[in-house]
Colleague: 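Pasting a structure below so you can have a look.
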There are 2 protein chains.
Amino acid sequence: MTLNSEKERFIEDNGLLFEKLGVTRMSGRILGYLMVADKEKVSFNELTAVLKASKSSISTNLKMLLQIGFVKPLTLPGERKTYYMLSPDMDWQAYFSERLEMIKAMNNMFRKGLKLRTAKKDNAAQWLRKATEFYGFIIKEFPAMLKRWEEGQNKPG
Amino acid sequence: MTLNSEKERFIEDNGLLFEKLGVTRMSGRILGYLMVADKEKVSFNELTAVLKASKSSISTNLKMLLQIGFVKPLTLPGERKTYYMLSPDMDWQAYFSERLEMIKAMNNMFRKGLKLRTAKKDNAAQWLRKATEFYGFIIKEFPAMLKRWEEGQNKPG
DNA sequence: CGGTTTGTTCGATCCTTGCCGAACAAAAAA
DNA sequence: TTTTTTGTTCGGCAAGGATCGAACAAACCG
């Protein structure tokens, strides 16, 4: 339940990285601790103690990590506590598919922008058309790429 | 230099989308206006007027859009002003390659986490290994995908 | 030279939001 | 029933950062 300074740095760095990615620092710290804790399961209380954070912050951020599927709860017979661990069956494809939604949202804006224009042949219109073509390409190819990963997972036993 | 309400809504929506993506609302508004302005070039002053924003905000955010390559300046002989337009030669591959750096940063964290662990075979270690494999796959495949796009651009005349 | 145009920069302000602490809830233990 | 454990929720505070306003800069004009 105590950490060496290298692991402590790792946890903070992961917090900063998550922040950069638009998630909260605390959720990055929680995940960071789960990555280097050298134990199968971690309790809520341990997280507040190790990360020196409030219960409310741990509660909120843990819920987010559960929500996006990085973390799974683990309960044991005869134990009241809920423990937490990195999801044994983490679905990376689903996670990335979710992220693709942002790309789709961008693409919709490009299309709508083009529709709202009167001039359909000038520089801006061409820019928008190229943008939708590129994003469309990504939106089409990305799932195929994920499928290739899946297939690679199944056979190479 | 005046906008119908549909375009106004589009611009605000684009601002909100950009905010969601971790960029500033104002940069999204600027880009939104450039998308639907129905003119080849837009001046600094016009942006402050149409978007009802301060010069400082326009200056800062325009600089960012120039920096990431979405927007290009356009100067004309005999004109003092700088005009701005959507980059005629926008390099989408470069833009997405840049975004891939975040994926690489994540992958580095996973690798470092695994290195910091004592237990190398338990659930957390397996999780980290799978994560690095998946991210490694993306990091390898994504540039190939961009190259395919590039090739598709060159031939299909 | 002074005035105007076209921006940039920097300190102040406002808004958002992550985090905290305290109150609350539920369930088990004593 | 009272106490303890294990969290959740909610109001408030403080930090960060996006935007603003004002001062400043540079280039051109008259």
Side-chain angles (χ1 to χ4, degrees), chain A residues 1 11-34 41-68 70-85, chain B residues 1 8 11-34 39 41-68 70-85:
Chain A
M1 183 146 149
I11 290 168
E12 290 305 312
D13 285 347
N14 203 53
L16 292 173
L17 179 59
F18 268 54
E19 213 166 32
K20 212 167 164 182
L21 293 170
V23 208
T24 63
R25 189 181 295 186
M26 192 62 77
S27 67
R29 289 200 272 230
I30 293 173
L31 203 69
Y33 181 64
L34 291 177
K41 57 191 179 22
V42 168
S43 75
F44 185 98
N45 242 321
E46 181 172 349
L47 288 171
T48 66
V50 171
L51 303 179
K52 301 182 213 319
S54 70
K55 288 194 291 174
S56 48
S57 184
I58 297 297
S59 178
T60 303
N61 286 287
L62 204 42
K63 211 150 62 172
M64 174 189 308
L65 290 171
L66 289 162
Q67 153 67 22
I68 63 177
F70 278 66
V71 172
K72 274 267 164 64
L74 172 65
T75 57
L76 294 173
E79 288 241 33
R80 280 206 267 175
K81 267 185 255 220
T82 306
Y83 293 96
Y84 301 93
M85 63 194 303
Chain B
M1 185 148 144
E8 217 161 61
I11 290 168
E12 290 306 311
D13 285 348
N14 203 53
L16 291 172
L17 180 58
F18 269 54
E19 212 166 31
K20 212 167 165 182
L21 293 169
V23 207
T24 64
R25 188 179 297 186
M26 192 61 77
S27 67
R29 288 201 272 230
I30 293 174
L31 203 68
Y33 180 64
L34 292 177
K39 41 177 72 175
K41 57 192 179 18
V42 168
S43 75
F44 185 96
N45 242 323
E46 181 172 348
L47 288 171
T48 66
V50 172
L51 302 179
K52 302 180 211 319
S54 69
K55 289 194 290 176
S56 49
S57 185
I58 297 298
S59 178
T60 305
N61 287 288
L62 204 42
K63 211 150 65 172
M64 177 189 306
L65 290 172
L66 289 162
Q67 152 67 23
I68 62 177
F70 278 66
V71 173
K72 275 264 165 62
L74 170 65
T75 58
L76 295 173
E79 287 241 36
R80 280 206 265 173
K81 270 186 250 220
T82 305
Y83 293 97
Y84 300 94
M85 62 193 305

Colleague: Taking only N and O in the side chain of B/Ser56, is any of them less than 4.0 Å away from OP1 or OP2 of D/dA22?
Modeller: no
Colleague: What integer distance in Å separates B/Glu19:CD from D/dG17:C1'?
Modeller: 11 Å
Colleague: Just how far, in rounded Å, is P of C/dT4 from CG of B/Asn45?
Modeller: 16 Å
Colleague: Measure the shortest side-chain to side-chain distance between A/Thr60 and A/Met26 over non-hydrogen atoms and say whether it is less than 4.5 angstrom.
Modeller: no
Colleague: Looking at every strand, decide which applies to B/Lys81 at a 4.0 Å heavy-atom threshold: base, sugar-phosphate, or nothing.
Modeller: sugar-phosphate
Colleague: CE of B/Met26 versus P of C/dC15: gap in Å, rounded?
Modeller: 14 Å
Colleague: Just checking A/Glu79: does its CD atom have more than 12 heavy atoms from other residues, nucleotides or ligands closer to it than 6.0 angstrom?
Modeller: yes
Colleague: Using a 4.0 Å heavy-atom cut-off across all strands, classify B/Ser43 as base, sugar-phosphate, or nothing.
Modeller: nothing
Colleague: Let me know, please, whether A/Thr60 or A/Arg25 comes out on the 5' side of the other along DNA chain D by nearest nucleotide.
Modeller: A/Thr60
Colleague: Examine C/dC20: is either OP1 or OP2 under 4.0 Å from a nitrogen or oxygen in the side chain of A/Ser57? Give yes or no.
Modeller: yes
Colleague: Would A/Val71 and A/Met85 count as a side-chain contact (heavy atoms from CB on, under 4.5 Å) here? Give the steps.
Modeller: CA-CA 6 Å; A/Val71 172; A/Met85 63 194 303; over 6 Å; no
Colleague: For B/Lys63 and C/dT9, is the shortest distance between a side-chain N/O and OP1 or OP2 below 4.0 Å?
Modeller: yes
Colleague: Given atom CD of A/Glu79 and atom C1' of C/dA27, what is their separation to the nearest angstrom?
Modeller: 15 Å
Colleague: Specify the closest pair of heavy atoms between B/Pro73 and B/Tyr84, including all atoms of both residues, with the distance to one decimal.
Modeller: CA-CD2, 4.0 Å
Colleague: Between B/Asn61 and D/dT19, is there a contact of a side-chain N or O with OP1 or OP2 at under 4.0 Å?
Modeller: yes
Colleague: At 4.0 Å (heavy atoms only), tell me whether A/Ser59 reaches a base, stays on the sugar-phosphate, or touches nothing.
Modeller: base
Colleague: Taking atom P of C/dG18 as reference, at what distance in whole Å does atom CD1 of A/Ile58 sit?
Modeller: 15 Å
Colleague: Does a donor on one side chain sit under 3.5 Å from an acceptor on the other, for B/Ser57 and B/Ser54?
Modeller: no
Colleague: On DNA chain C, compare the nucleotides closest to B/Lys55 and A/Leu51; which residue's is nearer the 5' end?
Modeller: B/Lys55
Colleague: Tell me whether the side-chain N or O atoms of A/Arg80 pair up with the base of D/dT5 as donor and acceptor below 3.5 Å, since no angle test is needed here.
Modeller: yes
Colleague: Provide, to the nearest angstrom, the distance between the CZ atom belonging to A/Phe18 and the P atom belonging to C/dG18.
Modeller: 14 Å
Colleague: Could you state the OH-C1' distance from A/Tyr84 to D/dT8, rounded to the nearest angstrom?
Modeller: 11 Å
Colleague: Between D/dT8, C/dG18, D/dT19, which nucleotide gets closest to the side-chain atoms of A/Thr24?
Modeller: C/dG18
Colleague: To the nearest Å, how far apart are B/Leu62 CG and D/dC20 P?
Modeller: 14 Å
